[in-house]
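I have placed the structure first, in the form of C-alpha cells, so that the comments after it can refer back to it.
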Amino acid sequence: MTPPGHPHSKSLRVERLPHIWCQGCGLGIVLHAYADALEETGIDLDKVATISGIGCAGRASGYVNTDAFHTTHGRALPFATGVGISRPDIKPVVISGDGDLFSIGGNHLIHAARRNVDMLVICSNNFNYGMTGAQFGPTTPSETKTPTSPYGNIENPFNLVALVSSAGATMVSRWTSMHPIPLKNSIKRGLTKKGFSFIEVITPCTTGYGRLNRLTPLDMMRRLREKGKIKQVAPTEAVCDPRHEIILGDFIDVEKPTYNEVFETLTKRAGGES
Amino acid sequence: MSGTQAGRFFVHGDWACAEGALAAGCRFYAAYPITPATEIAERLAVRLPQVGGKFVQFEDEIGAIASVIGASYSGQKAMTATSGPGISLMLENIGLAVMTEAPCVVVNVMRGGPSTGQPTGGAQGDVMQCRWGTHGDTEIIALAPQSVQEMFDLTIHAFNLSERYRTPVFLMADANIGHLYETLEVPEAKGIEIVDRKKPTGKPADYRAFKADDDLVPPMACFGDGYRLYATGLTHNEKGYPDMSVEGQDRLVRRLCDKIRRDAQRIEMAEEHYTGDCDVLVVAYGITARSALSAVKKAREEGIKAGLLRLVTLWPFPDRRIEELTRGIKGVVVAEMNYGQLVREVERAAMRRVDFLPKLGENPHMPEEILAAIRRAKK
Ligand SMILES: Cc1ncc(C[n+]2csc(CCOP(=O)(O)OP(=O)(O)O)c2C)c(N)n1
Ligand code: SF4
Ligand SMILES: [Mg+2]
C-alpha cells in the first residue's frame with residue numbers, strides 16, 4: 001500500500017519502503033537527496049534510468065520510481081553506457097558503492113569518465129564493503145582494522161575526487177550525508193548537466209565500520225560534521241581522511257562534447273542518419 | 001533505415017555475421033578486439049554509423065556484455081562478439097542476461113584453448129562452456145554455422161530466437177568458418193523473416209515486468225517507454241522486485257529454464273543426409289560437418305550405409321532425434337575439434353559408446369579420417 005501523503009510518492013516506489021538499510025546508515029539520506037533532486041528539477045522521470053551495482057548502496061535503484069536496473073557487481077557503469085549511447089534521450093544515473101565503482105568496477109569508472117558519456121554517478125563512500133561485512137576496500141584509510149585487515153589495513157586508499165578528475169569527468173563534487181542540502185544541489189546540477197558527472201558522498205556504515213571501530217552512529221555523524229570542511233582546492237588537494245579532514249565542495253565543472261555529440265558528427269561523416 | 005545490403009559477395013564468415021546482425025535489426029554492438037572475432041567489430045565499425053546504429057569499443061569484454069544488456073533494455077537489438085578468453089570474462093553477465101531476460105546475441109568465434117591458447121587456430125572447444133559456463137541453472141540456445149552463408153543466416157536466426165524467448169543466444173562459429181572466404185547471398189530485406197520481442201499492451205500501471213504469458217515469456221517494455229521498469233539479477237517476483245524465498249527461487253528458475261525446455265523441439269535444428277537407412281551415423285557440426293558429409297558420400301560409394309546428422313543447434317541438444325537415429329545401428333562416429341565435448345551428449349542420448357574422433361590444433365578433420373572411422377564402425 002502506498003502510504004498516503006508520502007513526501008516522495010512521485011520519485012520513489014513507496015510501496016517498497018521501508019528500505020533494507022541499517023539504522024544510522026547514511027544511504028537513506030543519499031536516496032532522499034536524489035528523490036528531492038528528481039522532483040525539484042522537474043526532470044521527466046520516464047527519461048531517467050537509475051542503475052546500480054551490488055552492495056548496500058546498490059540497493060538504491062530498487063526504490064526509485066524511474067526505470068531502474070540492479071546489475072552485477074561492478075558493472076553498473078558499462079550497463080549505463082549501453083543505455084546512454086543507445087538512447088540519448090534517456091539520462092542514466094548510477095548510484096552505487098565505493099567498492100562496486102572503484103574496486104571491481106574501477107576499470108569501467110576511469111573509462112566511462114574518459115569517454116564522457118552523458119551520465120550522473122553518485123558514489124556512496126562508506127570506506128568499506130558494507131554488504132559483505134565491512135572488509136577493507138579501495139577507500140579504507142591505512143591502518144584501519146577490518147575483518148580482513150585484523151592487524152590494520154596495510155594498503156593506501158584512493159582519493160576518488162582526484163582519480164575521477166584526472167580520468168576526465170566534467171563535474172566532480174564531494175559531500176557527506178551530513179550535508180544533504182549541498183548534496184541535493186550537486187545532484188540537481190548533475191541531472192541537468194551534459195557529460196560525465198561524479199558525486200562522492202561520504203556515508204557512515206554504522207553496522208560495519210562503526211561497530212568494528214567502536215564508533216556509535218552518533219559518533220560517526222558527528223565526525224562527518226566536524227571533519228567535513230568546504231574548501232576550494234584542486235582535486236589533487238581534496239584530502240579525504242575521516243580521522244583528520246574531509247574536504248568537501250565542487251571541484252570540477254567544465255563543458256566538453258559528450259560521447260553522443262561526437263558520435264553524431266561521426267554518423268554524418270559515415271553518411272548515416274541518427 | 002534498413003541495414004540489409006542485398007547482393008552477392010565474396011567475403012569471410014565474420015563479415016557475413018556482421019551483415020546478418022544488421023539485417024536482423026542490430027543497432028548496438030560493443031566488443032573488445034580479439035582474434036579471430038575482430039573482423040566482426042571492424043565491419044560493424046564501418047557499417048553501424050551508416051545505418052544510424054552505435055558501435056562502441058569497450059575497455060574489456062565484461063563491459064561489452066554489460067553494455068549490450070543495457071542497450072537491450074533500452075529497446076535495441078544488441079550484439080557482442082569475441083573468442084574463448086572474452087567469453088570467459090563475459091559469463092557472469094551472460095547469467096544476468098538469462099536472469100533478467102535480456103534478448104541479445106553473443107558470438108564466439110572459437111579458437112584453441114585453454115587460456116590464450118592458439119589465437120589464430122580454429123577449434124570447437126567452447127561448446128560446453130557456452131552451455132554450462134555461467135553459474136546456476138540455465139537453459140542456453142546455441143547455433144553452429146558451417147558456411148559463410150550460415151554466418152549470415154544463423155546470425156539473423158540467433159536474433160530472432162533471442163527476441164522470441166528473451167534470452168541470450170550464442171552463435172558458436174569455429175575460427176575456420178569465421179575466416180573462410182565464400183560466396184554470400186544477401187536477400188532483399190523484405191525476404192528476411194524478422195522477429196521482434198513482445199511488447200506489453202496494457203497500461204503502465206498494470207504492467208508486471210516478469211509476469212509471463214502462456215509461453216512462459218513475459219512481454220518486454222523498455223526504458224523510456226513510461227513503464228518504470230525495474231529489473232535485478234537477484235531472484236525476483238513478477239514485479240521484478242527481489243524475492244529470495246524458497247518458492248520464489250523455485251518458481252523463477254523453473255520458468256526461465258522451462259520456457260526453452262518446453263519448446264526445445266521447436267528450437268532444435270539439424271540437417272540430415274542419408275539417415276533414412278543408415279548403419280553408421282556420423283554426428284558433426286561447424287566446419288567438421290563439411291568433411292563429415294564428404295566422408296559419408298565416399299562411404300556410400302563403397303557401399304557402406306553411412307549417414308550424417310549435422311547439428312545446427314548445439315543447444316538445446318537433439319536428444320530424441322539422436323536416440324531414434326542410433327537405435328539398433330552398427331556404429332556411431334562423432335567428430336569435433338576438441339578433446340571430447342559434445343561426444344558426451346551423443347553418448348548420453350544414444351545410451352551407448354561411440355567412436356570418437358578428437359582434433360586439436362586448428363586443422364579440421366580430413367574426410368579420410370572420418371571415412372576410416374566409418375569403415376571401423378561398420379564392422
Ligand atoms: C562478483 C562478485 N564478487 C563478490 C560479491 C560479493 N559482494 C557483494 S556486495 C560487495 C561489496 C560492496 O561494497 P560497496 O560497493 O562499497 O557497497 P556497500 O555495501 O559498502 O554500500 C561484495 C564484495 C558479488 N556480489 N559479486
Ligand atoms: S551494513 Fe553498513 S552500509 Fe550496509 S546498510 Fe548497514 S550501515 Fe549501511
Ligand atoms: Mg562501501
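By convention in this document, chain letters (A, B, ...) are assigned in the order of the sequence lines, proteins followed by strands, and residues within each chain are numbered from 1. Keep in mind the model is a prediction, meaning the values are calculated, not measured.
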| field | Part of B:Val68 lying under 4.5 Å from any heavy atom of chain A | value | neither
| chain B contact via A:Asp89 - side chain, backbone, both or neither, heavy atoms under 4.5 Å | neither
| query | For A:Ile85, is it the side chain, the backbone, both or neither that has a heavy atom under 4.5 Å from a heavy atom of chain B? | reply | both
| A:Ile43 CD1 to A:Leu191 CG distance, which is reported to the nearest 0.5 Å | 5.0 Å
| Can you list the residues that meet the side chain to side chain donor-acceptor pair (under 3.5 Å) rule with B:Asp243, with sequence neighbours excluded? | B:Ser245
| field | Under 4.5 Å from any heavy atom of chain A - which part of B:Ala30 | value | neither
| said: Under a 4.0 Å threshold between the charged nitrogen and the carboxylate oxygen, would B:Arg197 count as salt-bridged to B:Glu163? | reply: yes
| request: Please flag which part of A:Ile110 lies under 4.5 Å from any non-hydrogen atom of chain B: side chain, backbone, both or neither. | output: neither
| query | Cation over ring, B:Lys54 on A:Phe263, under 6.0 Å and within 45°? | reply | yes
| said: I'd like to know whether the aromatic ring centres of B:Phe152 and B:Trp15 sit less than 6.0 Å apart in this structure. | reply: no
| remark: For residues 84-126 of chain A, the ring pair (Phe, Tyr, Trp, His ring centres under 6.0 Å) pairs (sequence neighbours left out) are A:Phe102-A:Phe198
| said: Is A:Arg16 in contact with chain B via its backbone, its side chain, both, or neither, using a 4.5 Å heavy-atom distance? | reply: side chain
| Regarding B:Arg228 and the six-membered ring of B:Tyr207, is the cationic atom NZ or CZ under 6.0 Å from the ring centre and inside 45° of its axis? | no
| Which region of A:Asp44, side chain (C-beta onward) or backbone (N, CA, C, O), has a non-hydrogen atom less than 4.5 Å from a non-hydrogen atom of chain B, or is it both or neither? | neither
| What part of B:Ser72 is in contact with chain A, defined as an atom under 4.5 angstrom from a non-hydrogen atom: side chain, backbone, both or neither? | neither
| remark: The interface call for B:Phe58 against chain A, heavy-atom contacts under 4.5 Å, is both
| remark: Honestly, the part of A:Ser61 sitting under 4.5 Å from a heavy atom of chain B is both
| said: Quick check for you: among A:Ala49, A:Ala68, A:Ser52, which has the greatest number of heavy-atom pairs under 4.5 Å with chain B? | reply: A:Ala68
| said: Counting only non-hydrogen atoms closer than 4.5 Å, does A:Arg269 touch chain B with its backbone (N, CA, C, O), its side chain (CB onward), both, or neither? | reply: neither
| query | Are the aromatic ring centres of A:Phe69 and B:Tyr230 under 6.0 angstrom apart? | reply | no
| note | Looking only at A:Ser86, A:Gly74, A:Gly62, most heavy-atom pairs under 4.5 Å shared with chain B are made by A:Ser86
| Ring center gap for B:Phe223 and B:Tyr73 short of 6.0 angstrom | yes
| Residue B:Glu59 versus chain A: region with a heavy atom under 4.5 Å | both
